[in-house]
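Everything below concerns the one structure shown next.
Throughout, a chain's letter reflects where its sequence line sits, starting with A, and its residues are numbered from 1.
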There are 2 protein chains.
Amino acid sequence: MKKISIKDVAKKAGVSISTVSRVLTNSAPVSEELREKVIQAVQELGYSPSSIARSLRNGATKTIGFILPDITNPFFANIVRGAEDYLRQHGYTLIFGSSDQDKNEENHILEALLSKHIDGLLFTGSGDSNPKLLRKIEQGLKVVFLDRIIRGVNSSYVIVDNKRGISLLVDHLLDDGHKSFLFINGDKNTFSAKQRYEAFLQRMKSGKYKYEHHFTSFSYEAGYKFASQLSNPVEFDAILCGNDLIAFGVIDALEDRGIRVPEQVSVTGFDDIPFSRHYKPALTTVRQPMYEMGQKACELLLKMIKEQLMTTEGIILEPELVVRESTKRRI
Amino acid sequence: MKKISIKDVAKKAGVSISTVSRVLTNSAPVSEELREKVIQAVQELGYSPSSIARSLRNGATKTIGFILPDITNPFFANIVRGAEDYLRQHGYTLIFGSSDQDKNEENHILEALLSKHIDGLLFTGSGDSNPKLLRKIEQGLKVVFLDRIIRGVNSSYVIVDNKRGISLLVDHLLDDGHKSFLFINGDKNTFSAKQRYEAFLQRMKSGKYKYEHHFTSFSYEAGYKFASQLSNPVEFDAILCGNDLIAFGVIDALEDRGIRVPEQVSVTGFDDIPFSRHYKPALTTVRQPMYEMGQKACELLLKMIKEQLMTTEGIILEPELVVRESTKRRI
DNA sequence: CTGTTAGCGCCTTCAG
DNA sequence: CTGAAGGCGCTAACAG
């Protein structure tokens, strides 16, 4: 691909390269006459300035990185979409990488992003704190943690109030006469799973309900497997799940075992991915504003970049209880 | 963020920058002694070379762009994942943009990607040929069209054999005794929708079946809406849908109208997104190897980039019929 | 208002 | 084997 540079434009327009630069960036006044010539030349040549060279010169790439577990998971895909839209609107580009929660892959991606000189990073990583990342933060890398926080790090974040979400859910279940609860949670080392666990525990202990809690993994398969191996699934009135995917797996496994949801047992999810409303039975769950999370995180990140401040800010979004058909009132 | 450059490394190691460059790129022999010093310095400084500067120098960014309709659609998310994995494995980075099939947005994203000096482009665009893109292709931009082809362009592509997919489906339905067919297709201006339409028409005309065909849009909502407005849904034995999302919408709408699937009417999808197997009823559909499509497209693209050949290659992947519970044998 | 020039970080001749 | 120097495309002083 033959590249056309600012020089070509300058030559064609019969002006100097600085003039071209000036009209393109509007950084200084240029006579109407020359401006027109330049614009003309730009169009004819189909020239677009190299942001590579610009980046090198300006020290900013207008690019944001996003490390997340898996783009294939609708929860993250929707967050990404929010981020993407916000960023493009503000002249930024997004590069992301799926880590599958793998520590090595995480570092690998981080390395790649860093070498691309990203201006900032959105991070949804595995639970354990990542030394390489911490170091970069200390060196001044702007990072916003999304959905998950790494403990011991003073950094900005955007999450939803997981505890409140669980609280809302348990309240509703209690109101509907449920008396015993099983919580099939997600990955143990994950911030959100931990938060949800704590909230659950707290609520359970405050009454004297029968309950049980298990960490598994945030996937359909994990839910299906766990529910398949349950010795007596109907010993609980309600099964809470770490996220919607787990809930789908659980419901399917139960039905395969001839247990009807919600008739025999209520099942709930967390996230409210777009699909949950179409599931049969439509899932009672806690809605996280995914698109908004992506937007807010970027808004925060760009602010940090622009103002070059070391200060840190946390945004906690409100979850919303969504009652549908996978739960029902117990007598 | 204080940046450390090759100069800092050179100074710390007490060598020239060229030596540092040489050990980093392995481009020329360096004495063991100096090599060690350099490596030492690199580690202590936590230095990683700026791919920005490298790109400017080498003229290659090791970055691939991907313009697609919507990352939130599982079909594309899975393709992206395939591409992402392949590219990272080969030292490339992926930048994508969701266009919502909007022509303007498409151009907007293209502009952004181009200015980032991508080495190649994966493109799943709206149906109409895009003049700006065509021009860039002529100028030497390497492009692989994915899932959709723009007519009149001689370029590489990776698609599945849509016609064969429909053929497989219709054969199966015929085998199962279906005699009348309604096809609720996706976006009219889309390559895949057109192909599927043609295949459908061809098969229908070859027998003397009762049939009808309509273009709508590749979404749940479109399916739901269309099926809701159908005057007499059960006048057909089978309803074929342009993709799985449409099928979900159709099934839900039918059930809301008290029509049972597949008892009263069979419904089929296209794509086999991960969710389709968990739908109730589990969807009979045509599987597209999404992950593989992403991989193959990148493989092809990198080949084109590496060999700098103007030749063009098309890969047509085989679809696979997946029979599940949304269809049943008619008497 | 316009043109010339230095230099962003790196790789690659070209000398030594 | 090693160092010095040019230049990728661009912007921001610096002169005029």
Side-chain angles (χ1 to χ4, degrees), chain A residues 1-39 41-42 45-63 91 111-112 114-119 139, chain B residues 1-39 41-42 45-63 91 111-112 114-119 139:
Chain A
M1 176 156 66
K2 215 271 255 17
K3 322 203 159 165
I4 46 209
S5 80
I6 196 171
K7 271 188 199 166
D8 303 306
V9 179
K11 194 182 301 176
K12 179 146 202 155
V15 300
S16 77
I17 59 170
S18 9
T19 301
V20 177
S21 173
R22 285 194 265 258
V23 331
L24 259 37
T25 58
N26 246 313
S27 55
V30 173
S31 72
E32 200 47 43
E33 194 193 338
L34 293 196
R35 156 171 270 110
E36 300 237 329
K37 281 191 191 168
V38 169
I39 291 174
V42 164
L45 262 37
Y47 165 77
S48 66
S50 159
S51 56
I52 292 290
R54 260 184 194 171
S55 300
L56 186 60
R57 176 63 234 240
N58 299 337
T61 52
K62 293 272 192 178
T63 300
E111 200 63 48
L114 251 24
S115 85
K116 293 274 182 207
H117 279 201
I118 50 173
D119 293 342
Q139 290 180 204
Chain B
M1 177 154 65
K2 215 266 253 38
K3 320 204 162 167
I4 47 206
S5 83
I6 196 170
K7 271 190 199 164
D8 304 307
V9 179
K11 194 181 301 174
K12 178 147 201 154
V15 299
S16 77
I17 60 168
S18 359
T19 301
V20 177
S21 174
R22 285 194 265 259
V23 331
L24 258 36
T25 58
N26 245 312
S27 56
V30 174
S31 72
E32 200 47 43
E33 195 193 335
L34 292 195
R35 158 170 269 112
E36 300 237 326
K37 279 190 192 168
V38 169
I39 292 176
V42 165
L45 263 38
Y47 166 76
S48 68
S50 157
S51 57
I52 292 290
R54 258 183 196 172
S55 298
L56 185 60
R57 173 65 234 244
N58 299 336
T61 52
K62 295 273 190 176
T63 300
E111 200 61 50
L114 250 24
S115 85
K116 292 274 182 207
H117 279 204
I118 50 173
D119 293 341
Q139 291 181 204

key: Of B:His117 and B:Leu34, the one whose closest DNA chain D nucleotide lies more 5'   = B:Leu34
ask   = What does A:Ser55 touch in the nucleic acid at a heavy-atom separation under 4.0 angstrom: a base, only the sugar-phosphate, or nothing?
value = nothing
query = Whole Å only: how far is the CG atom of A:Leu56 from the C1' atom of C:dC8?
reply = 4 Å
query = In whole Å, what is the span from the CD1 atom of B:Ile17 to the C1' atom of D:dA5?
reply = 9 Å
remark   = Between CD1 of A:Ile6 and P of C:dT5 the distance, given in whole Å, is 16 Å
query = Counting just side-chain N and O atoms, does B:Lys7 come under 4.0 Å of either OP1 or OP2 of C:dC10?
reply = no
Integer-rounded Å distance: C:dT2 C1' and A:Arg35 CZ = 13 Å
Side-chain donor/acceptor of A:Ser55 to backbone N/O of A:Ser51, under 3.5 Å = yes
ask   = Rounding to a whole Å, what distance do you find between B:Arg22:CZ and C:dG9:P?
value = 20 Å
task = Assess the side chains of A:Ser16 and A:Thr19: does a donor N or O sit below 3.5 Å from an acceptor N or O?
result = yes
inquiry  = Need one value for B:Ser21: base, sugar-phosphate or nothing, where a base atom within 4.0 Å counts as base even if backbone is also close, heavy atoms only.
reply    = base
request  = Starting from P on D:dC1, measure out to CD on B:Glu32 and report it in whole angstrom.
outcome  = 11 Å
key: Under 3.5 Å donor-acceptor, B:Thr61 side chain and B:His117 backbone   = yes
inquiry  = Taking any heavy-atom pair under 4.0 Å as a contact, classify A:Ile52: base, sugar-phosphate, or nothing.
reply    = nothing
ask   = Taking atom C1' of D:dG7 as reference, at what distance in whole Å does atom CZ of B:Arg54 sit?
value = 17 Å
ask   = B:Val20 versus B:Val15: any side-chain heavy-atom pair under 4.5 Å?
value = yes
message = For a quick check of understanding: with a heavy-atom distance under 4.0 Å over all strands, which category does B:Thr25 fall into, base, sugar-phosphate or nothing?
response = sugar-phosphate
query = Would you say A:Thr19 reaches C:dG3's phosphate, i.e. side-chain N/O to OP1/OP2 under 4.0 Å?
reply = yes
Side chain of A:Ser31 (C-beta onward), nearest among C:dT2, D:dT2, C:dC10 = C:dT2
task = Assess whether side chain to side chain donor-acceptor pair (under 3.5 Å) is satisfied between B:Thr63 and A:Lys116, documenting all intermediate values.
result = CA-CA 10 Å; B:Thr63 300; A:Lys116 293 274 182 207; 2.8 Å; yes
ask   = DNA chain D: A:Leu24 or B:Asn58, which has the more 5' nearest nucleotide?
value = B:Asn58
ask   = Atom CD1 of A:Ile4 to atom C1' of D:dC10: distance rounded to whole Å?
value = 15 Å
task = Could you work out which one of D:dC10, D:dA4, C:dC10 sits closest to the side chain of B:Ser5?
result = C:dC10
inquiry  = Take a 6.0 Å sphere around CD of B:Glu33 and say whether it holds more than 12 heavy atoms from other residues, nucleotides or ligands.
reply    = no
inquiry  = Using a heavy-atom cut-off of 4.0 Å across all strands, would you classify B:Ser18 as base, sugar-phosphate, or nothing?
reply    = base
query = Within the pair B:Ser50 and C:dG9, is there a side-chain N or O less than 4.0 Å away from OP1 or OP2?
reply = no
query = Where the side chain of A:Val15 is defined as all heavy atoms beyond and including C-beta, which of C:dT5, C:dT2, C:dG3 is the nearest nucleotide?
reply = C:dG3
